[in-house]
2 protein chains.
Amino acid sequence: MSKKITKDRIVEEADKLFYQQGFEHTSFAQIADVVGISRGNFYHHFKSKDDILDAVIVLRLARTHSMLDDWELENSTPTDRIRSFVHILLVNQNKIKRYGCPVGTLTTELTKLNHPAKKHANEIFVLFRTWLRRQFERLGRDDDADALAMQLLAFSQGVATLYSAFQDDQFIHNEISRFERWLMSIKGGTNTPVEAI
Amino acid sequence: MSKKITKDRIVEEADKLFYQQGFEHTSFAQIADVVGISRGNFYHHFKSKDDILDAVIVLRLARTHSMLDDWELENSTPTDRIRSFVHILLVNQNKIKRYGCPVGTLTTELTKLNHPAKKHANEIFVLFRTWLRRQFERLGRDDDADALAMQLLAFSQGVATLYSAFQDDQFIHNEISRFERWLMSIKGGTNTPVEAI
DNA sequence: TCAATATTAGGACAATTGACCTAATATTTC
DNA sequence: GAAATATTAGGTCAATTGTCCTAATATTGA
């Protein structure tokens, strides 16, 4: 029992540190300090740093999955569900301002490191993509549901990146407003292509 | 003279490595190997790794500046100039696929490292932002020129991030096409707000 | 209760990091 | 050509990295 608690705490703290400082910049010593355990003790729970990364990704996958499930239940329409997705930008506004999007930044770092866990981390993106696609399909957008999902993912990534770079609160609210108008226009269900950026 | 050549070569190779591997993941030893000089020799040209980073940023600022000047001369209309900007995604397609956008990824990394050079690196974004804003102003978009510039920057960042994550060639061409239609619609010069994402 | 297992602390390890030093060698300048 | 300067190579330095080991302590299960 206490094993599980310690192991979970390691993963939770590693999750935070990987997000705030990046994977490579976070050391065992740091995680051990935050968790309050001895360094050598680590290898009883994880056999390498990459193992911790894998566990962190599994944790993030589970959290994302349950978040998407919640959105599914909380909202009665696909439009409201899509809105929930974009509104993470507001819910996590302060964190994104400081550290960017946890999904995008981890994927980017692992890509540069040419890290074997890159594909694993990418599954978080896939989770969002699939979920968003389903919502657009429910809106009758069968032909371009996946393209719209990717479009929205790219939108959120771009906004998060620039928000973290410029720290401009006005900007993020502008973009959310623009998204709202876009969402209302798509809601009509006419299969007209959504042209603009 | 030979000092300048060596110094420039260090900066150029560091520029490449910082882009491909990230700043922190790149070591002196690696740069020295690529340049073909002794490690200890470094500190005659730069007094610290942060100094090299500053020089790399200065190089990127200069290159960006001259690229924007070129676009200014090569194109006769603001619309064509804006198109040149988005078309970097195609010109540098393979690099972006592997390493993401050099501007966005560096800024993101320096943010997580809480690195003092973050503001300096951000000036590259400012360069693009100012240049794009001027193009939109010339299109008569005086009221929302800056917002459109930020919108376009966010678009390019989002596309680059997702392209690097999913490596999907179809996606990037879809987004470029969507941008083209958006650009044509904005060209009309009617001050109607550009709603969609 | 007692043996088996799980968990811990603390230290050692080789390798790598950025930083710095010195002495030798080129190059420039007069 | 000689003095001054610029540039180089090679080595050292302490600190940190991820990894691993061992011995002591908790916990569990029969």
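Hydrogens, waters and symmetry mates are skipped; everything else that's a heavy atom, side chains included, is used. Proteins come first, then strands; the chains are lettered A, B, ... in the order of their sequence lines, and each starts at number 1.
Looking at Arg178(B) and Asp144(A), no side-chain N of the basic residue comes within less than 4.0 Å of a carboxylate O on the acidic one, giving no salt bridge.
Spacing between atom NZ of Lys7(A) and atom C1' of dA6(C) amounts to 12 Å, rounded to whole angstrom units. One can place CG of Leu17(A) at 16 Å from C1' of dT17(D), the figure rounded to the nearest angstrom. For Phe28(B) and dG11(D), the CZ to P distance is 19 Å, given to the nearest whole Å. Distance Ile31(A) CD1 to dT16(D) P: 17 Å, rounded to the nearest Å. As rounded to whole Å, 14 Å separates atom P of dT16(D) from atom CD of Glu24(B). Distance CD1 (Ile10(B)) to P (dA9(D)): 10 Å, rounded to an integer number of Å. Between Phe42(B) atom CZ and dG10(D) atom C1' there is a gap of 15 Å when expressed in whole angstrom units. Rounded to an integer number of Å, the gap from His44(B) NE2 to dA23(C) P is 16 Å.
Cation-pi geometry between Lys49(A) and Phe42(A) is not satisfied (NZ or CZ under 6.0 Å from the ring centre, within 45° of the ring normal). Arg129(B) forms a cation-pi arrangement with Phe166(A), by the criterion of a distance under 6.0 Å to the ring centre and an angle within 45° of the ring axis.
Considering Asp80(B), Asn75(B), Thr79(B) in turn, Asp80(B) is the only one that fulfils the side-chain hydrogen bond (donor to acceptor under 3.5 Å, both in side chains) rule with Thr77(B).
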Set out, line by line, the N/O atom pairs under 3.5 Å between protein and nucleotides 9-12 of chain C.
from, atom 1, to, atom 2, distance (Å)
dA9(C), OP2, Ser38(A), N, 3.1
dA9(C), OP2, Asn41(A), ND2, 3.3
dG10(C), N7, Ser38(A), OG, 2.9

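A close approach under 4.0 Å does occur between a side-chain nitrogen or oxygen of Ser27(B) and OP1 or OP2 of dT17(C). Between Tyr43(B) and dC20(C) there is no side-chain N or O to OP1 or OP2 distance below 4.0 Å. For dT8(C), the OP1/OP2 oxygens have a side-chain nitrogen or oxygen of His45(A) closer than 4.0 Å. At least one side-chain nitrogen or oxygen of Thr6(B) sits closer than 4.0 Å to the OP1 or OP2 atom of dT8(D).
Counting heavy-atom neighbours within 6.0 Å of Arg39(A) CZ, excluding the residue itself, gives a total of 12 or less. Under a cut-off of 6.0 angstrom, the local environment of NZ in Lys95(B) is sparse, with at most 12 non-hydrogen atoms contributed by other residues, nucleotides or ligands.
There is a side-chain donor-acceptor pair under 3.5 Å between Thr105(A) and Lys112(B).
For Lys49(A), whose side chain is taken as the heavy atoms from C-beta onward, the closest listed nucleotide among dT17(D), dG18(C), dG18(D) is dG18(D).
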